[in-house]
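Report on one structure; see the data block that follows.
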Amino acid sequence: MLKYLRLIFGILPALLLEWPRFAWYARHPERTPLAVRYRRIRRLVLRLVRLLHPDFHIEGRELFRRMLEGERSFLLVSDHVSLLDPVILIFLSERPLSFVAKKEVMSYPLISPILRALGGLSLDREDLKGSVRVVLELRKGLEKDEAAWGIFPEGTRRKDLEGPVLPFHPGSFKAALSAKRDVLLLAMEGQERLLSFTSWSRYPIGVRFLEGISMEEAAEKGRTTVEIAEHAEKVVQEGVARIHEENEDYVRRGLHRLPWRGGAKVR
């Protein structure tokens, strides 16, 4: 109960204050630079995530930083287990980040305006023409080099957290291959715990930036999106398995019961 009261009093006033602005951004994104929209949304995300008491263990941060500091956009590809996945990525990325989301997400009252404010795209995999349109729009977005883009190629959240990642859809890589923009693979595990445990627990979240894929090289070698998706799925699955083992050890050792002090790494 204390945790939820902390969330209500910690985030609700700021959310109510900023919500009209976010709704305006969603209706008229062209009137405000993306960097400004992203900065204000990320400010709220930073507050929210810190209130949830995460204990991040991040590997491959230098790879992520190099891509963030690059002049070109890139596609951030991750496994998907929680509605908080995009929130975690925004928390980690100082560079503007937008997302491709399934159409159902765009109907969620709190999430939809923020995704629209970030220029996010809605994908209906059962609508072939619509999917082609989204691929073209994502390609244009990547070619603008204005923001990085996040996508979850499983297409839906993985419910079985003990099982393997779901098959990666090859279509998730078409825009990056066509635009010749790099892909960064990462694995995340533990963010689903953020709404569990007790009020002052630490919540172990493992993030591994695993591998950058040069889509220019992939195009030169004639690699197909099916081959790229299969490779990406294998790499991410291995990353998820390693993080899961580390997080289980973290809990077995009782580290999650230590008082939270700003998310300091304790492993």
Side-chain angles (χ1 to χ4, degrees), residues 60 63-64 66-68 70-81 85-86 89 93 95-106 115 118-160 163-189 207-241:
L63 173 60
F64 185 44
R66 286 198 303 272
M67 298 195 75
L68 288 177
E71 295 181 358
R72 301 182 110 192
S73 183
F74 62 93
L75 187 66
L76 196 58
V77 172
S78 173
D79 61 304
H80 192 24
V81 298
D85 292 350
L89 294 180
S93 178
R95 181 174 182 172
L97 180 62
S98 193
F99 296 91
V100 179
K102 61 181 182 181
K103 68 172 185 177
E104 291 82 0
V105 174
M106 288 301 188
L115 285 177
L118 295 175
L121 299 174
S122 173
L123 176 64
D124 180 359
R125 295 190 184 277
E126 297 182 359
D127 180 359
L128 182 57
K129 290 184 178 180
S131 297
V132 172
R133 175 186 56 79
V134 170
V135 170
L136 292 175
E137 290 184 10
L138 177 56
R139 175 182 174 176
K140 292 178 182 177
L142 288 166
E143 290 176 338
K144 286 181 180 178
D145 295 323
E146 186 180 20
W149 284 79
I151 194 168
F152 304 101
E154 292 170 284
T156 189
R157 284 175 288 158
R158 188 173 77 255
K159 305 300 189 299
D160 182 8
V165 300
L166 302 177
F168 281 17
H169 293 280
S172 301
F173 300 87
K174 285 183 179 179
L177 184 61
S178 179
K180 295 183 174 59
R181 292 300 187 268
D182 291 347
V183 168
L184 176 58
L185 305 178
L186 76 143
M188 294 191 292
E189 208 269 2
V207 180
R208 286 177 180 254
F209 296 99
L210 300 164
E211 178 184 329
I213 301 176
S214 170
M215 298 305 257
E216 286 189 9
E217 292 184 6
E220 290 173 359
K221 294 178 180 179
R223 296 181 66 187
T224 66
T225 54
V226 172
E227 294 171 332
I228 295 169
E230 290 175 349
H231 172 74
E233 180 185 333
K234 179 181 177 181
V235 171
V236 172
Q237 173 58 56
E238 292 173 353
V240 168

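- Between D85 and R157 there is no salt bridge, since no side-chain N of the basic residue sits under 4.0 Å from a carboxylate O of the acidic one.
- A donor-acceptor pair under 3.5 Å is absent between the side-chain atoms of E143 and the main chain of A179, judged by distance alone.
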Which side-chain N or O atoms in residues 209-216 pair as donor and acceptor under 3.5 Å with protein atoms at least two apart or in another chain?
unit_1	atom_1	unit_2	atom_2	d
E211	OE1	H231	NE2	3.3
E211	OE2	H231	NE2	2.9
S214	OG	E217	N	3.3
E216	OE2	R72	NH1	2.8

After noting the C-alpha distance and the side-chain angles of L184 and V77, does the key distance pass the side-chain contact (heavy atoms from CB on, under 4.5 Å) rule? CA-CA 6 Å; L184 176 58; V77 172; over 6 Å; no
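- The nearest pair of heavy atoms linking P153 to F173 is CB-CE1, 4.3 Å.
- A distance-only check finds no donor-acceptor pair linking the side chain of T225 to the backbone of G171 [under 3.5 Å].
- Using a 4.5 Å heavy-atom threshold, the side chains of L68 and S93 count as touching.
- Panel note: side chain E154, backbone F168; no donor-acceptor pair is recorded below 3.5 Å.
- Interatomic distance, E233 CD to E238 CD, rounded to the nearest 0.5 Å: 11.0 Å.
- Separating the CG atom in D182 from the CG atom in L76 is a distance of 12.0 Å, to the nearest 0.5 Å.
- Of the possible polar contacts, none joining the R133 side chain to the S131 backbone as a donor-acceptor pair under 3.5 Å is found.
- Of the possible donor and acceptor atoms, one in the side chain of S73 sits under 3.5 Å from a partner among the backbone N and O of A147.
- You'll find the side chain of W149 reaches within 4.5 Å of the side chain of L142, heavy atoms only.
- Ring geometry for F64 versus F74: interplanar angle over 60°, hence perpendicular rather than tilted (30 to 60°).
- In K221, the NZ atom is not crowded: 12 or fewer heavy atoms of neighbouring residues, nucleotides or ligands sit closer than 6.0 Å.
- Listed here is the closest heavy atom pair of L121 and E137: CD2-OE1, 3.0 Å.
- Between the CG atom of L115 and the OG atom of S98 there is a distance of 7.5 Å, given to the nearest 0.5 Å.
- Heavy atoms only, all atoms of each residue included: I228 and A218 are closest at CD1-CB, 4.1 Å.
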side-chain contact (heavy atoms from CB on, under 4.5 Å) between V165 and H80, intermediate numbers included: CA-CA 8 Å; V165 300; H80 192 24; over 6 Å; no
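- Of all non-hydrogen atoms in G239 and A187, the two that sit nearest each other are C-CB, 3.8 Å.
- Under 4.0 Å is where a charged nitrogen must lie from a carboxylate oxygen, and between K234 and E230 no such pair does.
- Side chains of L89 and F99 form a contact here, defined as non-hydrogen atoms less than 4.5 Å apart.
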Working for side-chain hydrogen bond (donor to acceptor under 3.5 Å, both in side chains), residues T156 and K102: CA-CA 8 Å; T156 189; K102 61 181 182 181; 3.2 Å; yes
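- Not a single donor-acceptor pair under 3.5 Å links the side chain of R139 to the backbone N or O of L177.
- R208 has its side chain out of reach of L186: every pair of non-hydrogen atoms, C-beta onward, lies at least 4.5 Å apart.
- Atom CG of L75 and atom OG of S172 lie 8.0 Å apart (nearest 0.5 Å).
- Judged purely by atom type and a 3.5 angstrom limit, D79 uses its side chain to pair as donor or acceptor with the backbone of M188.
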